[in-house]
Amino acid sequence: MRLLHTADWHLGRLFHGVSLVEDQAHLLDELVRLISESAIDVVLIAGDVYDRAVPPPDAVTLFDSFLARVAGEQGVPVVVIAGNHDSADRLGFGARLLAEGGLHVRGRLEADPAPIGFADEHGPVDLVALPFVDPPHARATLGDADLRDHDACNAALLTRARARLRPGRRSVCVAHAFVAGASDSESERPLVVGGGGHVAASHFEGFDYVALGHLHRPQRVRHESIRYAGSLMPYSFGEAAHEKSVSVVSLAADGTVTIDPVPLSPRRAVRVVEGTLAALLDATPEGVAAEDYLLVRLTDTGALYHPMARLRERYPNVLQIERPALEAAAGGAAVAAQSLAPRSPEDLFEDFFEAVMDREMEAAERAALGELDAPPPSGGGTEAAS
Ligand SMILES: [Mn+2]
C-alpha cells in the first residue's frame with residue numbers, strides 16, 4: 001500500500017499581509033499530479049488544513065477542489081484530521097456522510113475511535129486518525145479530570161484507540177502533536193504558552209507508520225517510521241533554508257515501510273538576502289529569482305531614501321527589510337534618551353547623526369550645521385495673526 005503523508009497546509013495563511021492562496025493552489029496541483037503518477041492508495045493530511053478556525057472562502061474552495069480531484073475523480077481515499085489551527089467542529093461537518101465518498105474526516109475527539117479499515121493485495125490495514133488533542137476537551141471526552149497535560153491525554157487516547165486495532169493487521173496512525181525530541185520552527189503556534197505540550201514518542205510505538213503534523217520541518221522522530229511531513233511551504237523567513245516535501249510511504253506485506261520524501265516546487269521561494277541597497281538594485285544575487293518572497297537585510301549604515309519602494313521596483317515581493325546596523329544603534333540611542341536632560345537642537349542632531357551614520361560628526365559637518373538658519377519661532381510669519 002502506498003500512502004501520501006502531508007500536513008500543515010495552513011490554507012488561507014497571510015505572510016506579512018500577503019495571501020498565499022495562489023502559491024498553495026500551485027502546490028496542491030503538484031500534489032494532485034503526484035498522487036496520480038505515484039499510484040497513491042490513500043492520502044493522509046495530518047492536521048492544520050486551514051490556518052485559522054474560520055478560513056477565508058478562497059481557502060475553503062481550494063480544499064474542496066483538491067478533494068474533488070483526488071477522492072472524487074481519482075477515487076483515492078483521503079484521511080484528514082483537525083490540527084490546532086483548525087476548528088474541530090467546522091472541519092468535521094458532514095463527516096459521517098462524506099466517508100462513503102472516500103473522505104474520512106476526524107474533527108472532534110472521540111473516546112473510543114474505531115480504526116478506519118483499508119486493504120491492499122496483502123490484506124487489511126487499520127488506520128487510527130487522532131485529531132489534535134486539546135487537554136480540556138480530552139478530559140471532558142474521557143471523563144477523567146486527572147489527565148493533566150498533552151502527554152497524559154495523548155497517551156490515554158492512543159491506548160484506547162490501540163485497543164480497537166484488530167490483531168494481526170498492519171496499522172498506521174495519523175496525529176497532530178509536538179512529539180518530544182523533534183525540532184520546531186518560527187511559524188508554529190505554541191500549544192502551551194511559553195512552549196511545551198510535548199508528547200513522548202513512546203506512545204506512538206507499535207504502529208507500522210505514524211504520520212505526524214504540527215511541526216513545519218520535515219523530520220523523523222526517534223524511528224524512521226515516526227515522521228513529520230512538514231508544512232506545504234515555508235511560513236516564516238526562519239524556514240527559508242528548509243526543503244519542504246511530502247512523504248510517499250510504501251507499506252510492505254510484513255508492515256515494514258520505505259519512505260521516499262518528494263520535494264515540492266513552490267511558485268516562489270522564501271529567501272533572506274543581504275547586501276547594500278546599491279548592490280541589490282544593481283544585480284539580483286545568484287540563486288534568487290526577482291519574484292521570490294524576500295526578507296532583505298540591508299547592510300548600509302547611512303540614511304536611505306525610500307528603500308522599500310526602490311527595492312520593490314526590482315523585487316516586487318520584498319516583504320520585510322531589516323537594518324541590523326541601525327537597529328543596534330537605535331538600541332543605544334534609546335538608552336541614551338532615558339537620561340535626556342534638556343539639550344540643544346545641535347546636540348540632539350549630533351546624536352541622531354551618530355545613530356544613522358554610525359560615526360561621529362566631523363568638524364566640517366558640525367560647522368555646516370552651525371551655519372543653518374534656526375527654524376522660525378512657531379506660529380511665526382510675516383503677517384500678524386488676527
Ligand atoms: Mn501547523
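Values below: all heavy atoms of this structure, side chains included; hydrogens, waters and symmetry mates excluded. When a ligand or atom number is given, it counts from 1 through the structure's own listing order. Index from 1, following the sequence.
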(request) Could you give me the CA-CA distance, side-chain angles and deciding distance for Trp9 and Tyr235, then say whether ring-ring contact (aromatic ring centres under 6.0 Å, His included) is met? (result) CA-CA 10 Å; Trp9 288 2; Tyr235 291 120; over 10 Å; no
(request) With the side chain counted from C-beta on, respond yes when Tyr293 and Val318 share a heavy-atom pair under 4.5 Å apart, and no when they do not. (result) no
(request) State, yes or no, whether a side-chain contact exists between Val262 and Leu34 at a heavy-atom distance under 4.5 Å. (result) yes
(request) Tell me whether His10 has at least one N, O or S atom under 2.8 Å from the Mn ion (ligand 1). (result) yes
(message) Looking at Arg366 and Glu350, is there a salt bridge between them, counting it only when a charged N and a carboxylate O are closer than 4.0 Å?
(response) yes
(request) Measure from the Mn ion (ligand 1) to every N/O/S atom of Asp8 and report the name of the nearest one. (result) OD1
(request) Verify the distance test for His214 against the Mn ion (ligand 1): any N/O/S atom under 2.8 Å, yes or no. (result) no
(message) Can you confirm whether Glu274 sits close enough to Thr299 that some side-chain heavy atom of one is under 4.5 Å from a side-chain heavy atom of the other?
(response) yes
(message) Quick check: of its N, O or S atoms, which one does His216 have closest to the Mn ion (ligand 1)?
(response) NE2
(message) Distance check below 2.8 Å: does Asp48 bring an N, O or S atom to the Mn ion (ligand 1)?
(response) yes
